[in-house]
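Just so you know, these numbers come straight off a predicted model, no measurement behind them.
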Amino acid sequence: MTSFKNLHLINPIIRAVTEAGYSKPTALQCFTVPYILAGHDVIACAEAGSGKTAAFVMPILQVLQKNTREHAKIRALILSPTKENVMRTEHKLGIYSKYLPLSQLCIFDGFSAGGQLSALRKRVDLLVATPERLLELVSNQAVDLSKIEILVLDGADRMLEKKSADEVKSILKLIPNKRQTLFFSTGMTDKIRKFAEAVLRKPVEDTAGYHHPEETDRRHVS
């Protein structure tokens with residue numbers, strides 16, 4: 001049986017997920033985590049219940065921890081289509097990063113603008129945001145995306161099918177071309193694939209379908 005240790009995750013992350021009651025990684029996590037840790041771009045079709053959030057959050061935290069340094073710039077960016085998605089990721093981040101000295105910030109519409117601006121003046125390793133709210137802060141010169149090392153498009157299909165498509169394209173112009181990009185979608189239309197091919201570099205792809213929720217266990221980390 002594959003364990004979190006088999007995925008070469010560090011002890012602080014394994015300890016955190018184990019204490020949270022998770023027993024073993026999902027098929028999606030078994031596929032994505034090693035590739036992300038190795039620095040590859042990734043495309044994955046992920047249904048609800050497949051452990052999608054952990055599939056990218058755990059390895060990102062490990063990469064940031066491994067290469068930790070003093071900095072004043074945001075190093076990793078997760079774009080999500082809705083406030084609810086951002087809040088869900090924020091909750092999971094709190095679990096997985098419990099024993100890591102990393103800072104994260106989640107921003108979305110309806111949250112105190114003053115509080116967000118204050119938090120952005122401090123060190124932020126990982127930022128989670130909706131495209132619209134992020135661009136608002138960029139326009140106020142409150143966010144610097146020039147040092148982003150890892151970009152996650154979470155729920156890419158939902159963002160590209162909405163007005164968010166133009167916002168995502170605007171954000172891509174603000175971050176370095178030399179980066180690791182992780183593309184998570186619930187489906188893969190020709191339009192979505194064309195977009196993915198334009199923004200990713202030689203990605204590994206998981207579209208096998210074996211990670212659907214009916215094949216997961218409720219004890220899996222999500």
> What are the two closest non-hydrogen atoms of Phe184 and Ala55, and how far apart are they?
Replying inline: CE2-CB, 4.3 Å
> Side chain of Asn140, backbone of Leu137: donor and acceptor closer than 3.5 Å?
Replying inline: no
> What distance do Arg179 atom CZ and Leu151 atom CG have between them, rounded to the nearest 0.5 Å?
Replying inline: 5.5 Å
>> Regarding Glu205 and Arg193, does a basic nitrogen lie under 4.0 Å from an acidic carboxylate oxygen?
In response: yes
>> Would you say that Pro25 contacts Thr2 through its side chain, given a criterion of any heavy-atom pair below 4.5 Å between the two side chains?
In response: yes
> Does Gln180 offer a backbone N or O that forms a donor-acceptor pair with the side chain of Glu149 under 3.5 Å?
Replying inline: no
> Between Leu79 and Val152, is a side chain to side chain contact (heavy atoms under 4.5 Å, CB included) present by the stated rule, with each step listed?
Replying inline: CA-CA 6 Å; Leu79 289 179; Val152 182; over 6 Å; no
> Going from CZ on Arg158 to CD1 on Ile192, what distance comes out if it is rounded to the nearest 0.5 angstrom?
Replying inline: 12.0 Å
> Nearest heavy-atom pair of Ser80 and Asn85: which atoms, and what distance?
Replying inline: CB-CB, 3.7 Å
> Does Arg75 reach the main-chain N or O of Leu64 with its side chain, forming a donor-acceptor pair under 3.5 Å?
Replying inline: yes
>> In the structure I gave you, are the side-chain heavy atoms of Ile14 and Lys5 within less than 4.5 Å of one another anywhere?
In response: yes
> Stepwise, does the side chain to side chain contact (heavy atoms under 4.5 Å, CB included) test hold for Thr181 with Val42?
Replying inline: CA-CA 7 Å; Thr181 306; Val42 171; over 6 Å; no
> Which distance, rounded to the nearest 0.5 Å, do you find between the OG of Ser185 and the NZ of Lys52?
Replying inline: 10.0 Å
>> Which residues pass the salt bridge (charged side-chain N to carboxylate O under 4.0 Å, His left out) test with Glu19, not counting sequence neighbours?
In response: Arg15, Lys98
>> Check this for me, if you would: do Glu136 and Arg133 make a salt bridge, where the nitrogen-to-carboxylate-oxygen distance has to be below 4.0 angstrom?
In response: yes
> Closest heavy-atom contact between Ile150 and Ile148?
Replying inline: O-CG2, 3.4 Å
> Is there a side-chain contact between Met87 and His91, using heavy atoms and a 4.5 Å cut-off?
Replying inline: no
> Donor-acceptor pair, Gln29 side chain versus Thr26 backbone, under 3.5 Å?
Replying inline: yes
> Thr130 and Val86: side chain to side chain contact (heavy atoms under 4.5 Å, CB included), yes or no, with the steps?
Replying inline: CA-CA 7 Å; Thr130 55; Val86 171; 3.8 Å; yes
> Is the shortest heavy-atom distance from the side chain of Leu102 to the side chain of Leu126 under 4.5 Å?
Replying inline: no
> So His40 and Tyr35, would you call those rings parallel, tilted or perpendicular, with 30° and 60° as cut-offs?
Replying inline: perpendicular
>> As an exercise, state the distance from CZ of Phe183 to CG of Asp157, rounded to the nearest 0.5 Å.
In response: 7.5 Å
> Minimum heavy-atom separation for Leu7 to Cys30, with atom names?
Replying inline: CD2-CA, 3.9 Å
>> Between Leu93 and Leu61, is the side chain to side chain contact (heavy atoms under 4.5 Å, CB included) condition met? List the steps.
In response: CA-CA 9 Å; Leu93 273 169; Leu61 290 172; 4.2 Å; yes
> Can you find a heavy atom in the side chain of Met58 that is under 4.5 Å from one in the side chain of Val17?
Replying inline: yes
> Hey, are the side chains of Leu174 and Ser146 touching, using non-hydrogen atoms and a 4.5 Å cut-off?
Replying inline: no
> Quick one: are Thr32 and Phe56 in side-chain contact, heavy atoms under 4.5 Å?
Replying inline: no
> Do you know which of Asp166, Leu172, Ile171 makes side chain to side chain contact (heavy atoms under 4.5 Å, CB included) with Val168?
Replying inline: Leu172
>> In the structure I gave you, are the side-chain heavy atoms of Phe4 and Val33 within less than 4.5 Å of one another anywhere?
In response: no
> Hey, which of Ile36, Asp41, Leu200 is the one that makes side chain to side chain contact (heavy atoms under 4.5 Å, CB included) with Leu182?
Replying inline: Ile36
> How many angstroms lie between atom NE2 of His8 and atom CG of Leu37, to the nearest 0.5 angstrom?
Replying inline: 9.0 Å
> When rounded to the nearest 0.5 angstrom, what distance separates OG in Ser103 from CG in Leu100?
Replying inline: 11.5 Å
